[in-house]
Trainee: 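Before I ask anything, here is the structure I am working with.
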There are 2 protein chains.
Amino acid sequence: MPTIDILLPGFAIDTDQGYPAFCGVFLVRGADATGRPRTILVDAAHVGRRPHLWAALAAHGLTAADIDTVVLTHAHWDHVQNIDLFPRAELLLHGDERRYAHAPHSNDWATPAWTGLLLEQLPIREVADGEEILPGVHVIALPGHSPGSIGVLVDTDAGVAAITGDALHFAYVATTRRNPLVFWDAELAARSIDRVVGAADVIYPGHDRPFRLTSDGAIDYQEPFALTVTGLRPDTEGLAFADGSSRPLWVMPGVDEQRTLYEKNAEEARRRMAGVPRVVRPR
Amino acid sequence: MPTIDILLPGFAIDTDQGYPAFCGVFLVRGADATGRPRTILVDAAHVGRRPHLWAALAAHGLTAADIDTVVLTHAHWDHVQNIDLFPRAELLLHGDERRYAHAPHSNDWATPAWTGLLLEQLPIREVADGEEILPGVHVIALPGHSPGSIGVLVDTDAGVAAITGDALHFAYVATTRRNPLVFWDAELAARSIDRVVGAADVIYPGHDRPFRLTSDGAIDYQEPFALTVTGLRPDTEGLAFADGSSRPLWVMPGVDEQRTLYEKNAEEARRRMAGVPRVVRPR
């Protein structure tokens, strides 16, 4: 059966001066229909975790060249920036997300205008709901947080595991059922949460530790928390700690015009998609 | 006389799971030779500080359209990613840095292969040591941390201020005189520290608060520390704090072959530079 390893854990930590934005990065290993072993990376994190990603691969006996497939749950900056490390890999993402990334809304702070240039550095295969990546490894469409958010369902020994990306950032979202950061459609995002919580025995969220929901709906984390912070002490003068056990709901200003703009910009997006020079060469 | 405001403060905070990488972002305001007021942004931070940068501009009564010039101290990811917010601005950086960013070393985790695609989104003016940006605002070349690191010297009411980028990350470096993160040349980096410390009354480091050196060489910070962290408590189980008052010296593996590669890749870099599609349009 396919397996999941956590390469880089996701963290639900923010600051008032910027987002550390440490998403989970996962290794899914299985075999293709012919029995050949395949190694899949789900999400790639941002540049600030690049040395840590190298080290995590090495700790699993791997190098970047061993990654056959990179799946992006969505195109936000903190999930995509290290894809250029894997020039042997095919990049899988939802077609709606790819197209959007080439002409994002100007209020979308998580998808800079240059995101499309970055994505096209690898050969892309667009995937959709239900698509098999490997036997026992499937795409689940989870739109709402972004236009083409997807998750990865993995049939493991421990049951069905869902890697959700930011369709479900934090464990508590499985109980509130509202996405705290909506760049596309809040109602769609809520339905996606319902769907993935219903489909999975174990959830690997975008920015939190893997968990199960107990029979009475409580969060049962599957991994301990571990983090060392350098350059701060708990008693540093001027340092304050705030509760993160729930977050205000934020919907991007302009979200109502998103669909219209998306259609309006379709041709421009496709033109841009075709015109990106490849500076990352296959090796 | 020209003035400096801190738009986003720099922080000397790291973690064992990734770099928050919050660099200082500065507003330099002055008048050109004809007396016309000009507004300069020095460094742009990474995407995780984009909403905070918008808010900081607004708090200074500005929008992105008011920025005439963006100066990049160097091309590392955490200093450059928000330049697309300023499509009316001219981008100033050292020619060596621009060229390097189009063909960076594969061990250079701070300069992804796609960095050049990002930089070319604004019209670029290459600058060199001693160049006047405005009367009282000059470029100082500070190579070593990266090939074309520069600082900005500003003649202010409080004396000569130096915005150093990561030629001087942290205040303590003004006393140790060694750059803790070298991607190009450690000796050159050490000479750049000597030079900028000698040239300035007040130093605005890349990842720390502005400071003066007292007559006995102690660090005299000019601003208080202030940071709120969400999602952690001082007593979170598994959370540890490590001292950041000095850092191990790190030199990029492969740094000895850097110059050779830089020359070897010159033509490739110039070809790439000329072939980047502009997805950020002037407005």
Side-chain angles (χ1 to χ4, degrees), chain A residues 8-9 11-22 45-52 54 76-78 81-82 84-85 102-103 109-110 112-114 116-118 121 224-245 247 272 275-277 279-280, chain B residues 8-9 11-22 45-52 54 76-78 81-82 84-85 102-103 109-110 112-114 116-118 121 224-245 247 272 275-277 279-280:
Chain A
L8 297 178
F11 288 88
I13 299 169
D14 285 331
T15 85
D16 64 338
Q17 295 289 334
Y19 303 122
F22 294 166
H46 63 62
V47 183
R49 305 187 84 185
R50 191 167 284 221
H52 313 78
W54 275 329
H76 284 174
W77 76 284
D78 51 329
Q81 294 194 343
N82 291 320
D84 60 288
L85 294 182
H102 281 276
W109 56 261
W114 40 266
L117 301 176
L118 193 167
Q121 296 304 311
F225 179 91
L227 181 71
T228 297
V229 181
T230 301
L232 283 181
R233 290 186 317 271
D235 61 349
T236 297
E237 197 175 329
L239 174 64
F241 295 91
D243 181 39
S245 60
R247 317 256 168 150
R272 288 180 177 176
V276 178
V279 298
V280 176
Chain B
L8 297 178
F11 288 88
I13 299 170
D14 284 332
T15 84
D16 65 337
Q17 295 290 333
Y19 304 123
F22 294 166
H46 64 61
V47 183
R49 305 188 83 185
R50 192 168 283 223
H52 313 78
W54 275 329
H76 284 175
W77 76 285
D78 51 329
Q81 294 192 344
N82 291 320
D84 61 288
L85 294 182
H102 282 274
W109 55 262
W114 41 265
L117 300 176
L118 193 168
Q121 295 305 312
F225 179 91
L227 180 71
T228 298
V229 180
T230 301
L232 284 181
R233 290 185 317 271
D235 61 349
T236 297
E237 197 175 329
L239 175 63
F241 294 91
D243 181 39
S245 60
R247 316 257 168 150
R272 287 180 178 176
V276 178
V279 298
V280 175

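A note on names: the letters A, B, ... follow the listed sequences, proteins ahead of strands, and every chain is numbered from 1.
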Trainee: Let me know if P112(B) has heavy atoms under 4.5 Å from chain A in its side chain, its backbone, both or neither.
Mentor: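 Both parts, heavy atoms under 4.5 Å.
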Trainee: Taking all atoms of both residues into account, what is the closest heavy-atom pair of A113(A) and V280(B), and its distance?
Mentor: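 Closest pair (atom of A113(A), atom of V280(B), distance): CB-CG2, 3.6 Å.
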Trainee: Measuring from L232(A):CG to F225(B):CZ, what's the distance to the nearest 0.5 Å?
Mentor: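 Here the rounded value is 5.0 Å.
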Trainee: Work out which heavy atom in Q17(A) is nearest to a heavy atom in P9(B); give both atom names and the distance.
Mentor: OE1-CD, 3.2 Å
Trainee: Give, as side chain, backbone, both or neither, the part of A21(B) having an atom under 4.5 angstrom from any heavy atom of chain A.
Mentor: neither
Trainee: Quick check on Q121(A) against chain B: is it the side chain, the backbone, both or neither that has a heavy atom closer than 4.5 Å?
Mentor: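 Answer is side chain: those atoms of Q121(A) sit under 4.5 Å from chain B.
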Trainee: In terms of heavy-atom proximity below 4.5 Å to chain A, should R272(B) be classed as side chain, backbone, both, or neither?
Mentor: side chain
Trainee: Select, from Q81(A), H76(A), E237(A), H102(A), the one with the greatest count of heavy-atom pairs under 4.5 Å involving chain B.
Mentor: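 Top count of heavy-atom pairs under 4.5 Å with chain B: Q81(A).
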Trainee: What orientation do W77(A) and H46(B) show, parallel under 30°, tilted 30 to 60°, or perpendicular over 60°?
Mentor: parallel
Trainee: Give, as side chain, backbone, both or neither, the part of D243(B) having an atom under 4.5 angstrom from any heavy atom of chain A.
Mentor: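 Just the backbone, heavy atoms under 4.5 Å.
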Trainee: What part of S245(B) lies closer than 4.5 angstrom to a heavy atom of chain A: side chain, backbone, both or neither?
Mentor: neither
Trainee: Determine the option with the most heavy-atom pairs under 4.5 angstrom with chain A, choosing from G116(B), G244(B), A45(B), P20(B).
Mentor: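 Of the candidates given, the most pairs with chain A belong to G244(B).
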Trainee: Please classify the contact of W109(B) with chain A as side chain, backbone, both or neither, using a heavy-atom distance under 4.5 Å.
Mentor: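 Contact with chain A is through both the backbone and side chain of W109(B).
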Trainee: With a 4.5 Å cut-off on heavy-atom pairs, point out which of P224(A), A110(A), P51(A), G275(A) contacts chain B the most.
Mentor: P51(A)
Trainee: Is the shortest heavy-atom distance from the side chain of L227(A) to the side chain of D16(B) under 4.5 Å?
Mentor: yes
Trainee: Quick one: of G48(A), G231(A), A103(A), who has the most non-hydrogen atom pairs under 4.5 Å with chain B?
Mentor: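 Most pairs with chain B among the choices: G48(A).
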Trainee: Any idea how H52(B) and Y19(A) line up, ring-wise: parallel (<30°), tilted (30 to 60°), or perpendicular (>60°)?
Mentor: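 Ring orientation, 0 to 90° scale: perpendicular.
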Trainee: Shorter than 4.5 Å, heavy atoms on both sides: which option in V47(B), T15(B), I13(B), D14(B) has the most such pairs with chain A?
Mentor: V47(B)
Trainee: If you define the side chain from C-beta out and look only at heavy atoms, does anything of P234(A) sit under 4.5 Å from L239(B)?
Mentor: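 When only atoms from C-beta onward are counted, L239(B) and P234(A) do not touch, as no gap falls below 4.5 Å.
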